[in-house]
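Here is the structure we will look at, set down as structure tokens.
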Protein chains: 2
Amino acid sequence: MKYLVRENPEAIETLELIEDAFSKRAFLILISCCRVKYEGRAVSRLGLGDRILIIKADGSFLIHQNRNLEPVNWQPPKTKFKTMIKDDIVYIKGVRRYPNESLEVEIHKTYLVSFFIGEDTKSLELAGYEEDMADMIFKNPDLIEEGFRPTSREYSTSQGFIDIIGKDKNGNITVLELKSRHAGVNAVKQLKRYLEDFEDHKKFVRGILVAPSITEDARELLEENKMEFVSLEPPNELKREGNVTLDFYR
Amino acid sequence: MKYLVRENPEAIETLELIEDAFSKRAFLILISCCRVKYEGRAVSRLGLGDRILIIKADGSFLIHQNRNLEPVNWQPPKTKFKTMIKDDIVYIKGVRRYPNESLEVEIHKTYLVSFFIGEDTKSLELAGYEEDMADMIFKNPDLIEEGFRPTSREYSTSQGFIDIIGKDKNGNITVLELKSRHAGVNAVKQLKRYLEDFEDHKKFVRGILVAPSITEDARELLEENKMEFVSLEPPNELKREGNVTLDFYR
DNA sequence: CATTAGATTTCGGCA
DNA sequence: TGCCGAAGTCTAATG
């Protein structure tokens with residue numbers, strides 16, 4: 001992961017770092033003493049104080065005080081940003097259309113600027129089925145195909161973590177991408193990226209998308225890329241609740 | 001402001017810094033590669049990836065990916081925390097009662113730990129919503145129509161509270177349903193229920209939906225039920241509009 | 001402590 | 001893009 005941290009930057013440096021983060025579409029965090037103004041669906045003002053500012057790659061903008069779950073001010077994804085500096089004060093303005101609204105921050109002092117470009121391909125599984133599918137496959141690998149033998153989980157690549165890696169009965173390295181629900185092209189693209197990471201090794205690697213079902217587009221993209229699909233239903237119950245490795249208390 | 005920043009801390013140091021932040025009731029931020037598990041009102045799992053973790057002084061716990069305004073996982077204020085370390089993996093578990101739920105994070109690598117104790121006494125001043133509309137209408141009833149006279153707010157019916165009730169220039173009882181945003185069919189249905197509650201009295205009662213705008217479906221449903229629509233924008237002014245210095249563009 | 005209604009709700013799905 | 005409905009909604013107010 002690439003990242004950058006700067007403590008107590010001057011205003012001009014703060015501005016440069018913010019701009020740098022924007023150009024890299026990074027995950028940006030500032031700890032600053034600031035004033036805030038919002039105008040759009042409503043109108044609000046927030047006087048000077050120390051807060052955390054977060055700007056995400058998709059244009060989400062959050063300002064957090066040290067209390068409450070919710071941000072005190074925010075702007076949803078697709079916000080466009082402008083920055084300015086005047087009299088050692090840095091300004092960030094996030095503007096959005098539909099609805100038309102703007103969030104302006106007047107930064108008087110910055111204690112910390114940090115941005116990073118991280119790996120995070122995983123999306124939330126609201127019932128945890130994906131993990132259960134992996135458990136199920138490890139217990140009964142023939143569910144994928146006769147002779148398949150998984151070797152590791154959460155295998156790290158530059159593209160993220162491969163769900164399951166193993167070998168087929170002919171010894172070919174086989175990469176599994178698991179989806180607990182009807183899978184679309186995104187799942188196929190993800191699998192493709194994993195394989196591309198392996199192709200550097202000049203070895204033949206099989207890619208199998210494992211899901212209960214896939215869209216027609218996904219099926220076509222799989223074929224185009226010589227990858228495969230195995231239909232597998234996730235276990236329909238969270239059995240033995242609490243045997244997950246995360247349970248470390250008692 | 002007191003603060004602390006550490007880059008790439010070892011697991012044991014990460015743990016110590018987290019504990020230190022807890023004891024100081026600081027505003028804690030971590031940038032980490034982690035796995036997440038939630039169990040409570042629902043169940044969820046999130047595989048390994050780089051995220052921002054935030055823990056606030058009031059026990060709020062947020063986990064943000066680099067997309068979407070909302071945290072991917074969270075725990076509201078008053079969450080109690082426990083930490084642990086095992087095999088160079090740091091665990092944070094946030095537990096809450098009423099409802100009983102827990103959020104567990106398995107931290108494999110930490111890129112940045114920072115916590116600070118800041119000054120922030122200011123609270124948000126907000127305007128532009130339903131209550132402000134009601135204030136505005138009471139001050140200037142002709143905004144609804146010439147001769148309208150409001151009599152009461154939050155009038156209780158079996159169907160809930162009517163926002164504003166009054167009489168038109170002909171003495172007809174008039175029920176207002178206020179929406180500060182673009183209103184849909186639900187707002188119309190709600191107004192309809194209020195009127196039905198009045199129809200027991202065998203008197204003619206007008207129903208007016210007051211909002212900046214409504215959907216086409218809402219407009220049709222209003223006509224079908226012989227109810228009306230008055231377009232009104234919520235006030236966009238703060239009571240004590242200070243001369244804020246934030247306007248720097250243009 | 002339970003219920004209720006509003007929110008700069010956000011978010012996903014579908015027409 | 002607009003609209004509808006769900007959400008681990010959150011939050012403040014009220015009984």
Side-chain angles (χ1 to χ4, degrees), chain A residues 36-46 56 58-63 67-79 94-104 123-128 181-182 184 215, chain B residues 36-46 58 60-65 67-79 94 96-103 123-134 154 156-157 159-163 177-190 211-221 234 236 238:
Chain A
V36 186
K37 165 181 162 184
Y38 165 77
E39 285 180 4
R41 288 171 285 179
V43 169
S44 79
R45 298 290 185 278
L46 181 65
K56 300 190 183 189
D58 64 358
S60 303
F61 190 7
L62 301 95
I63 301 174
R67 58 189 131 90
N68 287 334
L69 183 63
E70 298 291 314
V72 63
N73 279 111
W74 70 91
Q75 199 85 294
K78 294 178 184 168
T79 295
V95 177
R96 203 167 77 101
R97 305 279 174 208
Y98 322 115
N100 191 324
E101 54 187 353
S102 76
L103 183 59
E104 305 181 27
S123 59
L124 189 70
E125 289 277 323
L126 240 165
R181 281 176 278 178
H182 192 64
T215 65
Chain B
V36 186
K37 165 181 161 184
Y38 164 79
E39 285 179 8
R41 287 171 284 179
V43 170
S44 77
R45 302 285 186 283
L46 181 63
D58 65 358
S60 302
F61 189 8
L62 302 94
I63 302 174
H64 274 279
Q65 293 182 296
R67 56 173 179 271
N68 286 338
L69 182 64
E70 297 293 311
V72 63
N73 279 111
W74 68 93
Q75 200 80 299
K78 294 179 186 168
T79 296
R96 203 168 77 99
R97 305 281 172 205
Y98 322 115
N100 190 325
E101 54 187 353
S102 76
L103 184 58
S123 59
L124 191 71
E125 288 180 70
L126 185 58
Y129 48 108
E130 210 176 285
E131 195 177 320
D132 296 311
M133 281 181 84
E154 303 294 349
S156 179
T157 76
Q159 295 300 316
F161 293 88
I162 291 175
D163 291 325
E177 170 66 19
L178 309 188
K179 290 292 165 195
S180 61
R181 324 256 154 266
H182 191 63
V185 286
N186 282 345
V188 182
K189 288 176 184 170
Q190 188 168 2
S213 58
I214 56 175
T215 65
E216 190 50 39
D217 287 354
R219 190 179 293 275
E220 287 172 13
L221 192 58
N236 264 355
L238 293 168

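Residue numbering restarts at 1 for every chain, and letters A, B, ... go by the order of the sequence lines. For clarity, every value in this text was computed on a predicted model and none was experimentally measured.
- Distance CD (B:Glu70) to P (D:dA7): 14 Å, rounded to an integer number of Å.
- Taking CZ of B:Phe61 as the reference point, atom CG of B:Leu103 lies at 5.0 Å (rounded to 0.5 Å).
- Nearer the 5' end of DNA chain C, as judged by each residue's closest nucleotide, is the contact made by A:Ala42, out of A:Ala42 and A:Ser60.
- Contact annotation: A:Arg41 reaches the phosphate of C:dT9 (side-chain N/O to OP1 or OP2, under 4.0 Å).
- Scanning all heavy atoms of the two residues, the minimum distance from B:Leu124 to A:Val72 falls at CD2-O, 3.5 Å.
- Remark: P of D:dC3 and CD1 of B:Ile214 are 11 Å apart, rounded to the nearest angstrom.
- Residue ring and base: A:Trp74 counts as stacked with C:dT8 (centre distance below 5.5 Å, interplanar angle below 30°).
- Summarising the geometry, atom CZ belonging to B:Arg96 is positioned 4.0 Å from atom CD belonging to B:Glu101; distances are rounded to the nearest 0.5 Å.
- Summarising the geometry, the separation between CG on B:Leu124 and P on C:dT8 is reported as 9 Å, rounded to the nearest angstrom.
- For B:Asn186 against D:dG5, a side-chain-to-base donor-acceptor contact under 3.5 Å is absent.
- Taking atom P on both nucleotides, D:dT11 is separated from C:dC11 by 15 Å, rounded to a whole Å.
- Atom CD in B:Gln159 sits about 14 Å away from atom C1' in C:dT4, given to the nearest Å.
- Between the NZ atom of B:Lys179 and the P atom of C:dT8 there is a distance of 13 Å, given to the nearest Å.
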- Might you work through the side-chain contact (heavy atoms from CB on, under 4.5 Å) test for B:Met133 and B:Asp163, ending with a clear yes or no? CA-CA 10 Å; B:Met133 281 181 84; B:Asp163 291 325; over 6 Å; no

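- Here the C1' atom of nucleotide C:dA5 and the OH atom of B:Tyr129 are 13 Å apart, to the nearest Å.
- Taking 4.0 angstrom as the limit, B:Ser180 places a side-chain polar atom (N or O) nearer than this to OP1 or OP2 of C:dA7.
- Rounded to whole Å, atom C1' of C:dT4 lies 15 Å from atom CD of B:Glu131.
- Between A:Lys56 atom NZ and C:dC11 atom C1' the separation is 13 Å, expressed in whole Å.
- Comparing B:Gly184 and A:Lys78, the nucleotide of DNA chain D nearest to each residue sits closer to the 5' end for A:Lys78.
- Salt-bridge check for B:Glu130 with B:Arg181: failed, with every basic side-chain N at 4.0 Å or more from each acidic carboxylate O.
- Closest approach to the A:Gln75 side chain among D:dG8, C:dT8, D:dT11 is made by C:dT8 (side chain taken as heavy atoms from C-beta onward).
- At the heavy-atom level, A:Pro99 lies nowhere under 4.0 Å from the strands shown.
- The main-chain N or O of B:Glu70 is never found under 3.5 Å from a side-chain atom of B:Asn68 such that the two would form a donor-acceptor pair.
- A donor-acceptor contact under 3.5 Å is not formed by the side chain of B:Glu130 with the base of C:dG6.
- Looking at A:Asn68, its side chain has no donor and acceptor atom pair within 3.5 Å of the base of D:dT11.
- The side chain of A:Pro77 approaches C:dC11 more closely than any other nucleotide in the set C:dC11, D:dG5, D:dC10.
- By the 5.5 angstrom centroid cut-off and the 30-degree plane limit, B:Tyr38 is classified as stacked against the base of D:dG8.
- For the pair B:Phe161 and C:dA5, the ring geometry does not qualify as stacking, because the centroid separation below 5.5 Å and plane angle under 30° are not jointly satisfied.
- Taking side-chain N and O atoms only, B:Arg67 has no distance below 4.0 Å to OP1 or OP2 of C:dC11.
- Closest to the side chain of B:Leu69, out of D:dG8, C:dT10, C:dT9, is C:dT10.
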